[in-house]
Amino acid sequence: QVQLVESGGDLVQPGGSLRLSCAASGLIFSLYSMGWYRQAPGKQRELVARITRNNNQDYADSVKGRFTISRDNAKNTVYLQMNSLKPEETAVYYCNAIRSLIDYWGQGTQVTVSS
C-alpha cells in the first residue's frame, strides 16, 4: 500500500521559513516524479514545485527564487524548503507522486503564514 506522509507544516510569521518533508512508502520512490501542491480555502489546488526522477526541477512563477524542492532517494523523501513566506501562501500543502498514469497523494500539512 502506497503512503505519502507530509510533515513540517506550522504557523510562521511573514518572511519566515519552513521545510516540508514527504516520506513515501510502498513504491519504488526513485522511479517517480514528486511534486508539492497547495490549496488555500476556496481556491483550486495548484502546483508549487516538482522534481523528476532525474532531478529536473520546475516551480510556479510565484515561488521561484524562494522555494527549493529536493529529494533523497535513499530516504524515500522529498523536501520543500520555503523561504520568505507570504500570508497569501497560507494553505494545505500536499505531496504527490506520479509515474505514467499512476499518481498518489498525501493527506496534506497545514502551513499558516501570519503575524
Side-chain angles (χ1 to χ4, degrees):
Q1 182 178 357
V2 174
Q3 282 193 312
L4 301 177
V5 180
E6 301 98 333
S7 61
D10 206 346
L11 170 64
V12 63
Q13 291 189 343
S17 298
L18 281 177
R19 188 196 197 201
L20 306 182
S21 301
C22 171
S25 60
L27 51 71
I28 304 175
F29 181 78
S30 61
L31 298 182
Y32 283 75
S33 292
M34 302 298 297
W36 285 98
Y37 290 72
R38 64 189 177 193
Q39 187 167 18
K43 295 189 176 182
Q44 288 189 329
R45 191 172 296 190
E46 63 175 357
L47 174 69
V48 177
R50 57 189 168 198
I51 185 167
T52 70
R53 53 186 290 185
N54 297 318
N55 279 318
N56 295 315
Q57 300 161 31
D58 187 27
Y59 297 91
D61 287 344
S62 61
V63 308
K64 284 180 180 177
R66 298 185 298 118
F67 290 14
T68 303
I69 190 170
S70 61
R71 65 190 297 160
D72 185 339
N73 289 343
K75 295 182 178 180
N76 287 0
T77 301
V78 62
Y79 304 97
L80 184 68
Q81 177 66 42
M82 305 186 293
N83 299 327
S84 302
L85 282 160
K86 304 174 182 180
E88 56 265 36
E89 294 177 313
T90 294
V92 178
Y93 284 69
Y94 296 92
C95 177
N96 171 262
I98 188 166
R99 181 189 180 203
S100 299
L101 298 178
I102 302 171
D103 74 330
Y104 303 99
W105 291 91
Q107 297 284 344
T109 185
Q110 176 70 45
V111 172
T112 302
V113 186
S114 175
S115 54

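It should be emphasised that the depicted structure is a prediction, and the values quoted were computed from it without experimental measurement.
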NZ on K64 to CG on D58, rounded to 0.5 Å: 7.0 Å
Nearest non-hydrogen partners of A91 and A40, listed with the distance: CB-N, 3.8 Å
Heavy-atom pair with the smallest gap, counting every atom of L80 and A49: CD1-CB, 4.1 Å
Joint hydrophobic cluster, V5 plus M34, side-chain heavy atoms closer than 4.5 Å: no
Sole residue of E6, R38, Q107 in side-chain contact (heavy atoms from CB on, under 4.5 Å) with Y94: E6
All ring pair (Phe, Tyr, Trp, His ring centres under 6.0 Å) counterparts of Y59, not counting sequence neighbours: none
Atom CD of Q44 with >12 non-hydrogen neighbours under 6.0 angstrom: no
Check: V113 and V111 side chains under 4.5 Å, non-hydrogen atoms: yes
Transitive ILVMFWY side-chain link V48 to V12, under 4.5 Å: yes
Value rounded to 0.5 Å, distance of CZ in R50 from CH2 in W36: 16.0 Å
Joint hydrophobic cluster, I69 plus V63, side-chain heavy atoms closer than 4.5 Å: yes
E89 side chain near M82 side chain, heavy-atom distance below 4.5 Å: no
Reported CG-to-OG distance for the pair L85 and S114, which is rounded to 0.5 angstrom: 12.0 Å
Transitive ILVMFWY side-chain link Y32 to V2, under 4.5 Å: yes
Atom CD1 of I28 with >12 non-hydrogen neighbours under 6.0 angstrom: no
S17 versus Q81, closest heavy-atom pair with distance: CB-NE2, 4.0 Å
Same apolar cluster: I98 and V78, side chain cutoff 4.5 Å: no
Smallest separation among heavy atoms of L27 and Y104, with atom names: CD2-CD1, 4.1 Å
Nearest-0.5 Å distance that lies between atom OG in S62 and atom CZ in F67: 7.5 Å
Smallest separation among heavy atoms of L20 and Y93, with atom names: CD1-CB, 3.6 Å
Rounded distance (nearest 0.5 Å) linking atom CG of N55 with atom CZ of R53: 11.5 Å
From CG (L31) to CD1 (I102), nearest 0.5 Å: 11.0 Å
Nearest non-hydrogen partners of L4 and C22, listed with the distance: CB-SG, 3.9 Å
